Undergrad: 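Dropping the structure in here first, questions after.
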2 protein chains.
Amino acid sequence: MATERAAARKPSIRKRNDEIFDAAARVFAERGYHGASTQDIADLLGMRQASLYYYFSSKEAALEEVCAIGAAGFVENAEEIAANDAGPTEKLRALASVHITPLAERPDFTRTFLNERKWLPTESRRRIGGMSRRIEAIFEGVIRAGMRQGEFRSDLNVRLTMFGILGMVNSVQIWLDRANKTPSEIAEYLADMAVASVRAVDPPEPEKNI
Amino acid sequence: MATERAAARKPSIRKRNDEIFDAAARVFAERGYHGASTQDIADLLGMRQASLYYYFSSKEAALEEVCAIGAAGFVENAEEIAANDAGPTEKLRALASVHITPLAERPDFTRTFLNERKWLPTESRRRIGGMSRRIEAIFEGVIRAGMRQGEFRSDLNVRLTMFGILGMVNSVQIWLDRANKTPSEIAEYLADMAVASVRAVDPPEPEKNI
DNA sequence: GGAATAATCTATACTACTATAGAAATAGAT
DNA sequence: ATCTATTTCTATAGTAGTATAGATTATTCC
């Protein structure tokens, strides 16, 4: 039993910490960073407002932490897909599709990342911004590959295409609740739209072996 | 001269009023509704904070006014296109394209409408929400028409398609400054993406006369 | 030029929010 | 059983924000 307790200690600390930031994420997502008070977060946890400062040093620090968790959800998924050996069409489809998952599963963190990171002070905004640029770069890489390999139209503007597709999939956070579709239905549908918007019009020469 | 003054009076009142709401829009767009103080607005105008209340009855009322102006820019453009007699493909292209115009020309108002209207109290949020739904309905109407007439794929989900395309064009407000393209280049490009994402794959039978 | 209207000002009540300091309570380790 | 580290608490300083009341200045009209 002593060993069990010992084993449980670290995870339990971890767990309380998670509860704090879950609550912060929820309040930030629902009321916006400036509309959220540390009192709101404390209320959700049933603790005193001042006690929160045991877990973070400032409201801004809490925002950065929540944003970092939110961004990580996107980055990890995207990195994994970028690394596999599927073709550009399938990679783009997968990128767009898995981008929906964090939006559906951790909406408080991802919405805070997407909508509230702009209120971070310069330093932390730069750190979080780096994760955004990583995601953008992965999309751009796949688009470029698709053009090179002839699966996508050759007259695409890589940057605008990336912005357009990311804008489309990110918008899910706004209307997910009104769509009356499951997250995976939405993911598949938007992934198809993304692919349709870039694919070459003339038949893409299936499986070229040189 | 008396007549000139008289003629100038109403417009001048109008003008000052516009300055007030221009400043409010700017501050709301830059700092977010909750991050914006009436003091910030007054500073921009070089007037005292309390004097603003001569022009609006509360900060919330100012937000509703700014949002209404922002939404109107979208609605008017969309209504006009919906009413003309172009085909669905051209209508969708035009809808997506002109949607960019207000985002580029009145960014403070449109960004406030898009990002801050959610903080309005229930009553005014409903009023502004009506304008959003009008825009959505116009997009849906054109998508439906395109399916009916065979220009668009017949397996589209009207609602998801509308959400996807609107999400894409609305996202311009976030990245316009980073795109290094003119608003009209962006407008044309995204309009093409939108059309590409819905067009029928098999040749769309040009000009059917029955 | 003087009355009436419009626009802005001063002063302030009231409320709310962040963050710090230090005390109290809780729980784990020996 | 007690020591120690962790966690939460009370109390509060300090700041900032919205909105109202009523005085004051500027403008228009005759």
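Letters A, B, ... mirror the listed sequences (proteins, then strands); counts begin at 1. The model shown is predicted, which means the values in this text are computed figures rather than measured ones.
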Undergrad: How many whole angstroms separate atom CE of A:Met47 from atom C1' of D:dT10?
TA: 14 Å
Undergrad: Let's go through B:Glu185 and A:Asn157 carefully: what are the C-alpha distance in whole Å and the side-chain angles of both, what is the deciding distance for side-chain hydrogen bond (donor to acceptor under 3.5 Å, both in side chains) to 0.1 Å, and is it a yes or a no?
TA: CA-CA 11 Å; B:Glu185 285 173 323; A:Asn157 178 306; over 6 Å; no
Undergrad: Do the charged groups of B:Glu136 and B:Arg133 touch, with an N to O distance under 4.0 Å?
TA: no
Undergrad: Would one find a side-chain N or O of A:Ser51 under 4.0 angstrom from OP1 or OP2 of D:dC9?
TA: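 For D:dC9, OP1/OP2 do have a side-chain N/O of A:Ser51 under 4.0 Å.
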Undergrad: Taking NZ, NE, NH1 and NH2 as the nitrogens, is one of them in A:Lys91 or A:Glu151 under 4.0 Å from a carboxylate oxygen of the other?
TA: no
Undergrad: So which of A:Ile41, A:Val66, A:Asp108, A:Asp40 actually passes side chain to side chain contact (heavy atoms under 4.5 Å, CB included) with A:Arg26?
TA: A:Asp108
Undergrad: Does a sphere of radius 6.0 Å around CZ in A:Arg31 hold more than 12 heavy atoms from other residues, nucleotides or ligands, not counting ones at 6.0 Å or beyond?
TA: no
Undergrad: Output yes when at least one side-chain N/O atom of B:Arg48 is less than 4.0 Å from OP1 or OP2 of C:dT10, else no.
TA: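 For C:dT10, OP1 or OP2 has a side-chain N or O of B:Arg48 closer than 4.0 Å.
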Undergrad: Looking at D:dT8, I'd like to know if its phosphate oxygens (OP1 or OP2) sit under 4.0 Å from a side-chain N or O belonging to A:Arg16.
TA: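 Yes, such a contact exists.
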Undergrad: Protein within reach of the bases, or only the backbone? For nucleotides 18-23 of chain C, mark each nucleotide 5' to 3' as B, S or -, using heavy atoms under 4.0 Å.
TA: BBB---
Undergrad: Would you kindly give the NE2-to-C1' distance between B:His34 and D:dT18, to the nearest whole Å?
TA: 12 Å
Undergrad: Distance check needed: C:dA7 C1' versus B:Asn17 CG, whole Å only.
TA: 12 Å
Undergrad: Taking only the side-chain nitrogens and oxygens of A:Tyr54, find out if one of them lies under 4.0 Å from OP1 or OP2 of D:dT8.
TA: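 No, A:Tyr54 has no side-chain N/O under 4.0 Å of OP1/OP2 on D:dT8.
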Undergrad: Output the rounded distance in Å from CG (A:Asp18) to P (D:dT7).
TA: 13 Å
Undergrad: Do the two ring centres, one from B:Trp119 and one from B:Tyr33, sit under 6.0 Å apart?
TA: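 Not close enough - the centres of the two rings lie 6.0 Å or further apart.
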Undergrad: Report the distance from atom CG of A:Leu45 to atom P of D:dT8, rounded to the nearest whole Å.
TA: 9 Å
